[in-house]
Protein chains: 2
Amino acid sequence: MAEDRRTRRSRRALGAALVELVLERGFTALTVEDITERADVARATFYAHFRDKEDLFARVTADLLDELGERLAPAVADSAVGFTGKPVLEMLRHAREERDLYRIVLRGDGDGKPLQMFTDACAKATADEFRARAERNAVQPRIDPDLLARVWVGEQIAVLRWWVEQESPSLPAEEVVRMLLDLALHGRYWASGFEPAV
Amino acid sequence: MAEDRRTRRSRRALGAALVELVLERGFTALTVEDITERADVARATFYAHFRDKEDLFARVTADLLDELGERLAPAVADSAVGFTGKPVLEMLRHAREERDLYRIVLRGDGDGKPLQMFTDACAKATADEFRARAERNAVQPRIDPDLLARVWVGEQIAVLRWWVEQESPSLPAEEVVRMLLDLALHGRYWASGFEPAV
DNA sequence: ACGTTACTGAACAAGCTGTCCGCAACTGAT
DNA sequence: ATCAGTTGCGGACAGCTTGTTCAGTAACGT
């Protein structure tokens, strides 16, 4: 007895309506009735599935993270050796497909809680990977893995946000990855075009 | 005829109450009455000064940014030559003094709008500075200054957030700056403890 | 001391929330 | 095709929050 078709329909419609409306008006400005109206669903039905709009947003975000996690797994395995940029590239592709949802999450709608879910998930996964590699290669990281992960993830998310907010023909994902890799490899001086003069 | 003392008192009290309460319960959960009650001010008075709680939050944030801008100006002038880390250090000090406010802004409360104000202000200032230096030194940046600024600011803000959320005796500001500078200088491979193996 | 300005406390309509209900429509399994 | 069980519907409910108004009072700056 798989999930009832009506249940799926309602949930999907409500999630999609939320994303559309948050993009248009922002999370705070939304009413539960706005959402149900757009989704073409009765208001009582909303409460049969979700506690409130925060709950809905949280679940939509959690689903997105699950999907991202599944897509990232093989890429991470592939690049276990060094920084190949494969996971980042995969994330950018995912973001392109789910652009609207990425936008509203990265904008920090919903008091930043979905964004926090996103950031924390990425930071945790990254830190774990850093630690695993350090152990595997028997090297001592020069900077605390957790801090390093935060930095790396903060950087990626900043770029990701910039990228999904760009209008139309933005930089191709491959190009963005190349830039991030250059930064990771050479540091900021290289990027800015002149050598250290401290 | 400077600003009326009563006006200043009310505004300050409301701002302080907002920060306290957002830290305790989160922005969405707050009522205007909660704020006025904590500030010991009549509800009608609130509306005499601010349109709604978003407005209050925005002004508090704008004031913070003004203050930060003033404190950063000399540090930026000092480090016009290379990456000295002085501006970052000054920002960390500011964050230590206004820790609660920094926390709630960086958490993305208020649908991330205050955070966006913060990020955009930093990114703009940074990008301008990058461009000015590139021109002064007559070099061609290898990466678009706007993108580079986003990356740099995204990184700083991620660290800043991590720092202000730390419990009690966290890393001293000087230490954090050193790490950030190392990253900016050497790139991520150096930090992770092994050399490129791509 | 005085004219001006801000704060107060109360009241208001309007809107939103979350929950309930009986009834209708749909679903999956037999 | 049938049927028991589930889900959706629409309306109604009290309770709360919002934003505005207003007359009276207190504090302000000069």
Side-chain angles (χ1 to χ4, degrees), chain A residues 1-63 104 109-114, chain B residues 1-63 104 109-114:
Chain A
M1 54 171 182
E3 201 186 28
D4 194 313
R5 183 195 294 164
R6 290 167 295 177
T7 302
R8 234 178 313 149
R9 260 177 57 87
S10 298
R11 283 199 219 269
R12 268 198 223 290
L14 288 168
L18 178 82
V19 176
E20 282 179 29
L21 286 169
V22 172
L23 204 57
E24 293 171 17
R25 296 183 225 161
F27 185 76
T28 303
L30 287 189
T31 298
V32 171
E33 187 159 19
D34 290 335
I35 302 171
T36 56
E37 198 177 315
R38 176 69 62 99
D40 216 355
V41 153
R43 203 165 67 89
T45 305
F46 178 95
Y47 289 104
H49 292 290
F50 307 101
R51 204 170 356 93
D52 45 33
K53 55 177 184 162
E54 279 79 12
D55 187 29
L56 169 58
F57 200 176
R59 297 215 200 184
V60 169
T61 307
D63 289 350
I104 65 175
D109 268 283
D111 275 1
K113 275 168 205 159
Chain B
M1 56 173 183
E3 200 187 29
D4 195 314
R5 183 194 296 161
R6 291 168 294 178
T7 302
R8 233 177 313 150
R9 262 176 57 88
S10 298
R11 283 201 221 269
R12 270 200 222 290
L14 288 168
L18 178 82
V19 175
E20 282 179 28
L21 287 168
V22 173
L23 204 57
E24 292 172 17
R25 297 184 224 160
F27 185 76
T28 303
L30 288 189
T31 297
V32 172
E33 188 159 17
D34 291 336
I35 303 172
T36 57
E37 198 177 316
R38 176 71 62 101
D40 214 354
V41 152
R43 204 164 66 90
T45 305
F46 178 95
Y47 288 104
H49 292 290
F50 307 102
R51 206 171 351 94
D52 46 33
K53 55 177 185 163
E54 280 79 12
D55 186 30
L56 169 57
F57 200 175
R59 299 217 198 183
V60 170
T61 307
D63 290 349
I104 65 176
D109 268 283
D111 276 1
K113 274 167 204 158

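Keep in mind that the numbers below use all heavy atoms, side chains included, and drop hydrogens, waters and symmetry copies. Chain identifiers are assigned alphabetically (A, B, ...) following the order of the sequence lines, protein sequences preceding nucleic acid strands; residue numbering begins at 1 within each chain.
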Residue whose closest nucleotide on DNA chain D lies nearer the 5' end, B:Leu30 versus B:Arg9: B:Leu30
Looking at B:His49, does any N or O in its side chain come under 4.0 Å of the phosphate oxygens OP1/OP2 on C:dA6? no
Check the pair A:Thr36 / A:Val32 against side-chain contact (heavy atoms from CB on, under 4.5 Å), numbers first and verdict last. CA-CA 6 Å; A:Thr36 56; A:Val32 171; 4.3 Å; yes
Criterion salt bridge (Lys or Arg N to Asp or Glu O under 4.0 Å) on A:Asp34 and A:Arg25, from CA distance to verdict: CA-CA 11 Å; A:Asp34 290 335; A:Arg25 296 183 225 161; 3.3 Å; yes
A:Glu37 CD to C:dG15 C1', straight-line distance once rounded to whole Å: 14 Å
Specify the separation, in whole Å, of atom CG of A:Asp4 and atom P of C:dA29. 10 Å
Rounded to whole Å, please give me the gap between NZ in B:Lys53 and P in D:dT18. 7 Å
Heavy-atom side-chain contact between A:Arg38 and A:Glu24 under 4.5 Å: yes
Within this structure, what is the CG-to-P distance between B:Asp55 and D:dT18, rounded to whole angstrom? 14 Å
Distance in angstrom units between B:Glu54 CD and D:dG19 P, rounded: 8 Å
Distance below 4.0 Å between B:Arg6 side-chain N/O and D:dA27 OP1 or OP2: no
Is it the case that the side chain of A:Asp109 and the backbone of A:Gly26 share a donor-acceptor pair, with hydrogens and angles ignored and the cut-off at 3.5 Å? no
Does the distance from a Lys or Arg side-chain N to an Asp or Glu carboxylate O, for B:Asp63 and B:Arg59, drop under 4.0 Å? no
Of all heavy-atom pairs linking A:Leu14 and A:Phe50, the shortest is CD1-CE1, 3.9 Å
Report yes if a side-chain nitrogen or oxygen of B:Tyr47 is closer than 4.0 Å to either non-bridging phosphate oxygen (OP1 or OP2) of D:dG19; otherwise report no. yes
Interatomic distance, B:Phe46 CZ vs D:dT17 P [rounded to whole Å]: 14 Å
Does the side chain of A:Leu56 come within less than 4.5 Å of A:Arg11's, by heavy atoms? no
Check the distance between D:dG19's P and B:Glu33's CD and give it to me in whole angstrom. 13 Å
Looking at B:Phe27, does the NZ or CZ of B:Lys53 lie under 6.0 angstrom from its six-membered ring centre and within 45 degrees of the ring axis? yes
Tell me if a side-chain donor or acceptor on B:Thr7 pairs with a main-chain N or O of B:Glu3 at a distance below 3.5 Å. no
Check nucleotides 8-11 of chain C against the protein and report each pair of N or O atoms closer than 3.5 Å, with its distance, or say if there are none.
from: C:dT8; atom 1: OP2; to: B:Ala42; atom 2: N; distance (Å): 2.7
from: C:dT8; atom 1: OP2; to: B:Thr45; atom 2: OG1; distance (Å): 2.8

Given axes from five pairs at either end, by how many degrees does the helix from C:dA1-D:dT30 to C:dT30-D:dA1 bend, rounded to 10°? 50°
What is the distance, rounded to the nearest whole Å, between atom CG of B:Asp52 and atom C1' of D:dT18? 10 Å
